[in-house]
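What follows is a single structure, written as structure tokens, with notes after it.
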2 protein chains.
Amino acid sequence: MDHLIAITKALADENRVRALGALREQSLCVCQIVELLELAPSTVSKHLAILRQAGLVTSRKEGRWIYFALPESEHASDVTPTLTWLFAQLDASPQYAADRKRLQAILKQDPVDLCQRQNRS
Amino acid sequence: MDHLIAITKALADENRVRALGALREQSLCVCQIVELLELAPSTVSKHLAILRQAGLVTSRKEGRWIYFALPESEHASDVTPTLTWLFAQLDASPQYAADRKRLQAILKQDPVDLCQRQNRS
DNA sequence: TCCTCATTTCGCCATATGACGAAGTATAGC
DNA sequence: GCTATACTTCGTCATATGGCGAAATGAGGA
């Protein structure tokens, strides 16, 4: 039950759900999610930590960047139904469609530039 | 998206999830859910209002009692997948098994007695 | 009509949550 | 080593949440 509630609590925030939607297609580094959600890096970091604790995302360090991704189906059979349900719900959401579009533009930019702009402000 | 978040927020509380689990088999009046969750009637009432606003339960007045139930599948195709997912998660929970057992005992009691005992304390 | 009583609403309190900026970590590159 | 930098952790704040008891609501029965 504790694990189930950890999952539902993790999903009970619009920004975290949007982050999961963004990770549906590809893994992303923190600065790309910051750019999408338009929140402070520290805030996004906390959100991602909550998702990771619930087992909904994994993270992998690559040099100075940390990439977040959805767990591999083989290793996370327990959260797969959850994500399947969530994405089915998201497919009906205009917000999700808008995020997908914006994400395409973000992915075209150099992550280095993204991070530096985020540091500046 | 607002509706999705209303659902995930509604599910982000253990007592509300337990209430949904209790309603899986049959509809219940408030005092029976109060008895199961061991919370004040006013607290349970608030929880049920949140579930109803999210469309996860319906209520029907019958004399002095108000019965809560899961929505009929025909009228609520949008929350059916949510409840299916939730119950799949619950099936693995010892808390849910314990609640099912305790609920059987509660159902054997006269609701009138339940309510009066709750008023007395 | 008046009383009883199952439930809800209201007012209050303690704690949880989400936001930020500042400071801390750890890694790439000089 | 030192610096720059991508990210996290910490401290703080405003608001949201979940709990209760008291009062309000509304339907049945005397």
Side-chain angles (χ1 to χ4, degrees), chain A residues 2 5-6 8-19 27-54 57-69 106 109-121, chain B residues 2 5-6 8-19 27-54 57-69 106 109-121:
Chain A
D2 286 354
I5 300 302
T8 55
K9 277 188 189 294
L11 297 178
D13 177 89
E14 174 162 356
N15 289 317
R16 287 196 290 269
V17 168
R18 290 175 65 201
S27 57
L28 297 169
C29 71
V30 178
C31 66
Q32 291 169 316
I33 301 172
V34 166
E35 193 73 12
L36 178 68
L37 299 181
E38 298 177 285
L39 292 173
S42 61
T43 303
V44 171
S45 178
K46 209 200 255 178
H47 280 314
L48 292 170
I50 289 168
L51 289 172
R52 185 173 43 198
Q53 273 200 290
V57 302
T58 60
S59 65
R60 132 183 84 83
K61 199 158 194 170
E62 198 154 304
R64 256 177 310 189
W65 281 267
I66 300 182
Y67 283 91
F68 283 81
I106 291 169
Q109 300 173 48
D110 186 349
V112 175
D113 293 347
L114 281 183
C115 283
Q116 288 181 352
R117 231 178 311 128
Q118 287 160 15
N119 281 354
R120 204 183 324 144
S121 60
Chain B
D2 285 355
I5 299 302
T8 56
K9 277 187 189 296
L11 297 178
D13 177 88
E14 173 162 359
N15 289 316
R16 287 196 289 269
V17 169
R18 290 176 64 201
S27 57
L28 296 169
C29 72
V30 178
C31 66
Q32 292 170 316
I33 302 173
V34 166
E35 192 72 13
L36 178 69
L37 299 181
E38 298 178 284
L39 293 173
S42 61
T43 304
V44 171
S45 178
K46 208 198 256 179
H47 280 314
L48 291 170
I50 290 168
L51 289 172
R52 186 174 41 200
Q53 274 201 291
V57 302
T58 60
S59 65
R60 133 183 83 84
K61 200 160 196 167
E62 196 154 305
R64 255 178 310 189
W65 281 268
I66 299 181
Y67 284 90
F68 283 82
I106 292 168
Q109 300 173 48
D110 185 350
V112 175
D113 294 348
L114 280 182
C115 282
Q116 288 181 354
R117 233 180 307 130
Q118 287 159 16
N119 280 356
R120 201 181 327 140
S121 59

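Heavy atoms only: backbone and side chains are in, while hydrogens, waters and symmetry mates are out. Every chain is numbered from 1, with letters handed out A, B, ... down the list of sequences.
- Among the candidates B:I106, B:T43, B:V44, the single residue satisfying the side chain to side chain contact (heavy atoms under 4.5 Å, CB included) test with B:V34 is B:V44.
- Taking both residues in full, the closest heavy atoms of B:L48 and B:V57 are given as O-CG2, 4.0 Å, listed atom of the first, atom of the second, then distance.
- Distance, B:R18 CZ to D:dG18 P: 15 Å, rounded to whole Å.
- The two residues B:A12 and A:A12 come nearest to each other via the heavy atoms CB-CB, 3.7 Å.
- Contact between B:C29 and B:W65 at its shortest, heavy atoms only, is SG-CD1, 3.6 Å.
- Pairing each heavy atom of A:A19 with each of A:I33, the nearest pair is CB-CG2, 4.2 Å.
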Base versus backbone protein contacts along nucleotides 24-30 of chain C [heavy-atom cut-off under 4.0 Å; B, S, -]: --SBS--
Annotated protein contacts, base or backbone, on nucleotides 10-19 of chain C with a non-hydrogen cut-off under 4.0 Å, one of B, S, - each: -------SBB
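- Under the 4.5 Å side-chain criterion, counting only non-hydrogen atoms from C-beta, A:N15 is in contact with A:R18.
- Residues A:H47 and A:L39 form a side-chain contact, since some pair of their non-hydrogen atoms from C-beta on lies under 4.5 Å apart.
- For B:D110 and C:dC5, the CG to C1' distance is 14 Å, given to the nearest whole Å.
- Shown here for B:A54 and B:A6, the closest heavy-atom pair between the two residues is CB-O, 3.8 Å.
- The shortest heavy-atom contact between B:R16 and B:K9 is NH2-O, 3.1 Å.
- The CZ atom of B:R52 lies 9.0 Å from the OG1 atom of B:T58; values are rounded to the nearest 0.5 Å.
- For DNA chain D, the neighbouring residues in residues 29-38 of chain A, judged by any heavy atom under 4.0 Å, are A:C29, A:V30, A:C31.
- Using a 4.0 Å heavy-atom distance criterion, B:Y67 is classed as making no nucleic acid contact.
- Atom CG of B:L11 and atom P of D:dG18 are 12 Å apart (whole Å).
- Atoms CH2 (B:W65) and C1' (D:dG26) sit 14 Å apart, rounded to a whole Å.
- Residue-environment remark: CD (A:Q53) stays at or below the threshold of 12 foreign heavy atoms within 6.0 Å.
- Between the CD atom of B:E14 and the P atom of D:dG18 there is a distance of 12 Å, given to the nearest Å.
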